[in-house]
Amino acid sequence: MNSRQTMSLPAHSLQTPLGLAVDGNSDDVDSDSNAGNSPENQVAFDKRIIETVKSCRNFTVRPARIASELGISIEDATAELCGLLRAVGESATFTFEESSITTNSSSTNSNSSSTNESMSAKTMTMVFQFPHDFERKAYAARRKEDLKETLTKIASLAWRILKVFTAFGLILSLTIILISGMCAMVA
């Protein structure tokens with residue numbers, strides 16, 4: 001017997017790292033599922049996550065489904081879904097569902113009579129709900145993140161080049177001043 005209580009939170013309430021995929025490399029990830037940290041592998045991994053979400057009814061997915069289909073841990077699947085949730089924006093939500101699972105167990109007491117006891121366990125699981133246009137929003141967020149990363153790399157390279165030219169200019173001007181000073185001393 002299952003009973004559920006839900007608590008819904010909007011996507012902007014999450015404090016997750018930037019990007020669709022949060023980490024990308026984990027110790028318990030298969031080598032073929034997300035080998036390395038190259039952008040091509042990360043994009044392929046993100047596509048697999050999006051395809052898995054698209055295959056779910058009403059775009060509602062639990063981390064256990066992502067974990068089983070991609071061969072990653074529940075924690076990594078939750079992190080990936082949180083990253084997708086953040087990339088999609090406020091139209092995506094997640095809920096905490098409290099599931100009460102009742103199991104029957106039989107035990108034998110001292111009188112050798114068998115009794116059936118029911119045990120119930122309550123667990124909190126996250127359930128992610130995505131809008132119908134989540135794929136477009138996820139890819140737009142990926143392009144925006146890639147653009148920011150490219151611009152940051154270009155700015156970093158420009159800064160290094162500027163530092164080299166400045167250092168070279170200082171060395172050159174110091175050399176000219178030293179040669180002028182030696183010429184003045186000789187003359």
*Could you walk me through whether Phe96 and Thr125 pass the side chain to side chain contact (heavy atoms under 4.5 Å, CB included) check?*
CA-CA 6 Å; Phe96 285 103; Thr125 58; over 6 Å; no
*Phe130 and Val61: CA distance, side-chain angles, deciding distance, side chain to side chain contact (heavy atoms under 4.5 Å, CB included) verdict*: CA-CA 8 Å; Phe130 295 99; Val61 64; 3.9 Å; yes
*Stepwise, does the side chain to side chain contact (heavy atoms under 4.5 Å, CB included) test hold for Lys148 with Leu151?*
CA-CA 5 Å; Lys148 283 182 183 178; Leu151 291 176; 5.9 Å; no
_Stepwise salt bridge (charged side-chain N to carboxylate O under 4.0 Å, His left out) check, Asp146 with Arg143_ = CA-CA 5 Å; Asp146 289 345; Arg143 285 189 302 273; over 6 Å; no
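Proximity of a side-chain donor or acceptor of Thr152 to a complementary backbone N or O of Thr150 within less than 3.5 Å is not detected. A donor-acceptor pair is defined here as one N or O able to donate and one able to accept, closer than 3.5 Å; no such pair exists between the side chain of Glu145 and the backbone of Ala140.
Contact check on Lys47 versus Glu51 returns no salt bridge, with no Lys/Arg side-chain nitrogen under 4.0 Å from an Asp/Glu carboxylate oxygen. Between Arg62 and Glu97, at least one side-chain nitrogen of the basic residue sits less than 4.0 Å from a carboxylate oxygen of the acidic one, meeting the salt-bridge criterion.
Summarising the geometry, atom CD belonging to Gln129 is positioned 8.5 Å from atom OG1 belonging to Thr95; distances are rounded to the nearest 0.5 Å. Remark: Leu70 CG to Ile49 CD1 distance equals 5.5 Å, nearest 0.5 Å. Note that OG1 of Thr78 is 10.0 Å distant from CD1 of Ile66, once rounded to the nearest 0.5 Å. Taken to the nearest 0.5 Å, the CG atom of Asp76 stands 11.0 Å off from the CG atom of Leu81.
Contact of the Glu80 side chain with the Phe45 side chain is registered, since non-hydrogen atoms from C-beta on lie closer than 4.5 Å. A 4.5 Å side-chain heavy-atom check between Arg65 and Ser55 finds at least one atom pair inside the cut-off. Residues Phe128 and Pro63 meet the side-chain proximity criterion, which asks for heavy atoms closer than 4.5 Å.
Here the closest heavy-atom approach between residue Ile74 and residue Ala64 is recorded as CD1-CA, 3.5 Å.
Connection of Val127 to Val88 is not established within any shared hydrophobic cluster, with ILVMFWY side chains joined at heavy-atom distances below 4.5 Å, either directly or through further cluster members. In the hydrophobic clustering of ILVMFWY residues, with side-chain heavy atoms under 4.5 Å counting as a link, Leu85 and Ile50 come out together.
Each ring pair (Phe, Tyr, Trp, His ring centres under 6.0 Å) pair with one or both residues in residues 50-84, not counting sequence neighbours, appears once here: Phe59-His132, Phe59-Phe134. Within the structure, side-chain hydrogen bond (donor to acceptor under 3.5 Å, both in side chains) contacts touching residues 157-180 (residues at least two apart or in different chains) are Ser156-Arg160.
When the options Leu178, Leu172, Leu174 are evaluated for a side chain to side chain contact (heavy atoms under 4.5 Å, CB included) with Ile176, the one that passes is Leu172.
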